[in-house]
Amino acid sequence: MAYADQHLEKDYKSLETDVERCAVRLANSGVSRGHRVALIDADGYDMVVLLLAVWWIGGVTVPVNRTQPKDTIVRIINKSQPSYAVVGDDWAEWSGGVSVVEIQPLHRDKLVLSDLETTLPSLSASAVSAESDAMILFTSGTTGTPKGVLHSHEALTLNAMEMSAMFGLNESHRLYMNIPLYFSNSISHFLMAVFRGACLCYSTGFQFGEGLLREAESMRANVFGGVPS
């Protein structure tokens with residue numbers, strides 16, 4: 001199993017199929033190698049698939065925390081200058097503040113993977129070098145002004161491989177994660193699970209104390225990834 005949450009479970013074959021279908025949809029919408037794609041209002045399995053689909057094409061992901069003030073989000077968009085964005089329906093309410101880049105919504109709602117056509121042609125994964133740009137992550141330690149950090153494929157891979165090796169992750173593990181997938185910690189843990197064939201058990205909405213333990217138990221998790229509150 002590759003992914004589990006409160007609503008679904010996906011094995012690695014299903015994940016690969018969904019990623020390729022999503023990559024084809026993005027490519028048909030104009031996204032190509034080197035394009036920056038802002039992932040706004042996506043979380044859980046949607047975010048997992050979108051991250052991998054953009055990388056499949058050879059693009060650069062820009063995960064955006066939608067809970068931030070709108071002026072902060074607009075500043076992030078202006079700084080990162082994405083060519084495309086995957087957005088929610090209320091984009092029109094504040095997109096007028098984005099003037100220095102052209103944002104082209106690929107989907108007016110959250111990406112619903114079940115809506116992707118099953119007859120889409122196949123798309124070979126793009127070959128990228130280790131030094132190629134993979135992600136721009138705006139981070140501040142959750143306390144300051146978000147600053148964009150450019151990550152290469154090599155940096156993301158080495159971090160996840162070394163951490164997962166240290167913890168001895170393998171396909172028997174179910175890694176419980178309760179941190180939104182626009183933070184560096186959660187993306188690193190997601191990659192740790194993928195690289196070692198483990199299952200990412202993801203829970204939306206912050207859980208604490210007994211609630212967190214019950215949620216982890218219900219997903220049969222045997223590894224926990226988190227940070228001090």
Side-chain angles (χ1 to χ4, degrees), residues 1-23 39 41-56 61 63-67 86 88 109-116 118 125 134-135 137 139 142 151 153 155-229:
M1 201 61 61
Y3 176 92
D5 61 25
Q6 299 100 322
H7 308 292
L8 60 84
E9 287 198 350
K10 290 280 187 174
D11 59 26
Y12 273 95
K13 182 60 179 176
S14 298
L15 173 60
E16 181 182 14
T17 299
D18 288 341
V19 169
E20 183 174 7
R21 289 162 61 199
C22 183
L39 306 178
D41 202 26
D43 201 8
Y45 189 64
D46 283 358
M47 180 64 98
V48 165
V49 171
L50 281 165
L51 286 167
L52 294 175
V54 173
W55 290 332
W56 184 293
T61 59
V64 179
N65 177 358
R66 189 59 176 270
T67 66
V86 179
D109 302 309
K110 282 188 176 181
L111 187 67
V112 180
L113 297 173
S114 60
D115 290 345
L116 296 179
T118 58
M135 180 172 69
L137 193 62
T139 179
T142 70
H151 297 266
H153 283 280
L156 291 176
T157 300
L158 285 177
N159 176 267
M161 291 297 287
E162 290 181 1
M163 291 289 288
S164 59
M166 183 177 70
F167 291 125
L169 285 185
N170 58 51
E171 60 186 21
S172 71
H173 289 123
R174 294 174 64 88
L175 172 60
Y176 179 81
M177 174 61 59
N178 183 225
I179 301 174
L181 282 159
Y182 42 71
F183 287 112
S184 58
N185 180 280
S186 55
I187 292 175
S188 179
H189 279 76
F190 152 60
L191 292 175
M192 285 167 56
V194 169
F195 290 157
R196 297 291 175 174
C199 177
L200 179 70
C201 298
Y202 186 74
S203 176
T204 57
F206 286 110
Q207 305 287 340
F208 296 96
E210 291 185 4
L212 184 146
L213 294 175
R214 285 195 300 270
E215 195 75 26
E217 184 179 26
S218 71
M219 294 187 185
R220 309 187 309 281
N222 52 17
V223 183
F224 171 74
V227 296
S229 63

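Numbers here are sequence positions counted from 1.
Note that OH of Tyr182 and OG1 of Thr61 are 15.5 Å apart. Values are rounded to the nearest 0.5 Å. Here the CE atom belonging to Met219 is positioned 6.0 Å from the CG atom belonging to Asp5, to the nearest 0.5 angstrom. Within the model, atoms CG of Leu181 and CG of Leu50 stand 11.0 Å from one another, a figure rounded to the nearest 0.5 Å. Tyr202 contributes atom OH, which lies 6.5 Å from atom OG of Ser186 (distance to the nearest 0.5 angstrom). Atom-to-atom distance recorded for Met163:CE and His189:NE2 is 6.0 Å, nearest 0.5 angstrom. Distance check: Leu51 CG to Asp46 CG gives 11.0 Å after rounding to the nearest 0.5 Å.
By the side chain to side chain contact (heavy atoms under 4.5 Å, CB included) test, Phe224 is found to be paired with Tyr176, Leu212, residues two or more places apart in sequence or in another chain being considered. In this view, Arg196 satisfies the salt bridge (charged side-chain N to carboxylate O under 4.0 Å, His left out) rule with no residue, not counting sequence neighbours. Qualifying side chain to side chain contact (heavy atoms under 4.5 Å, CB included) partners for Ser172, counting only residues two or more places apart in sequence or in other chains: Asn170. In this structure, the side chain to side chain contact (heavy atoms under 4.5 Å, CB included) partners of Val223, at least two apart in sequence or on a different chain, are Leu169, His173, Leu175. Qualifying salt bridge (charged side-chain N to carboxylate O under 4.0 Å, His left out) partners for Glu210, counting only residues two or more places apart in sequence or in other chains: Arg214. Residues that satisfy the ring-ring contact (aromatic ring centres under 6.0 Å, His included) test with Tyr3, not counting sequence neighbours, are Tyr45.
No donor-acceptor pair under 3.5 Å is formed between the side chain of Ser203 and the backbone N or O of Asn178. Side chain of Ser164 to backbone of Ala160: a donor-acceptor contact under 3.5 angstrom is found. Using modelled atom types, no side-chain atom of Ser188 and backbone atom of Asn185 make a donor-acceptor pair closer than 3.5 Å. Of the possible donor and acceptor atoms, none in the side chain of Trp56 sits under 3.5 Å from a partner among the backbone N and O of Glu20.
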* Please test Phe167 against Met192 for side-chain contact (heavy atoms from CB on, under 4.5 Å), starting from the C-alpha separation and ending with a verdict. => CA-CA 10 Å; Phe167 291 125; Met192 285 167 56; 3.7 Å; yes

* Asked: Run the side-chain contact (heavy atoms from CB on, under 4.5 Å) check on Met135 and Ile187 step by step: do they pass?
  -> CA-CA 11 Å; Met135 180 172 69; Ile187 292 175; 3.7 Å; yes

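Shown here is Glu9, whose CD atom has more than 12 heavy atoms of other residues, nucleotides or ligands within 6.0 Å.
Taking all atoms of both residues into account, the shortest heavy-atom contact from Asp18 to Val49 is O-CG1, 3.7 Å. Contact detail for Leu15 and Ala2: the closest heavy-atom pair is CD2-CB, 4.0 Å. Contact detail for Gln6 and Glu215: the closest heavy-atom pair is CG-OE2, 3.0 Å.
The closest side-chain heavy-atom distance from Phe206 to Pro180 is below 4.5 Å.
Under the 3.5 Å distance criterion, with hydrogens and angles disregarded, a donor-acceptor pair is assigned to the side chains of Ser14 and Asp11.
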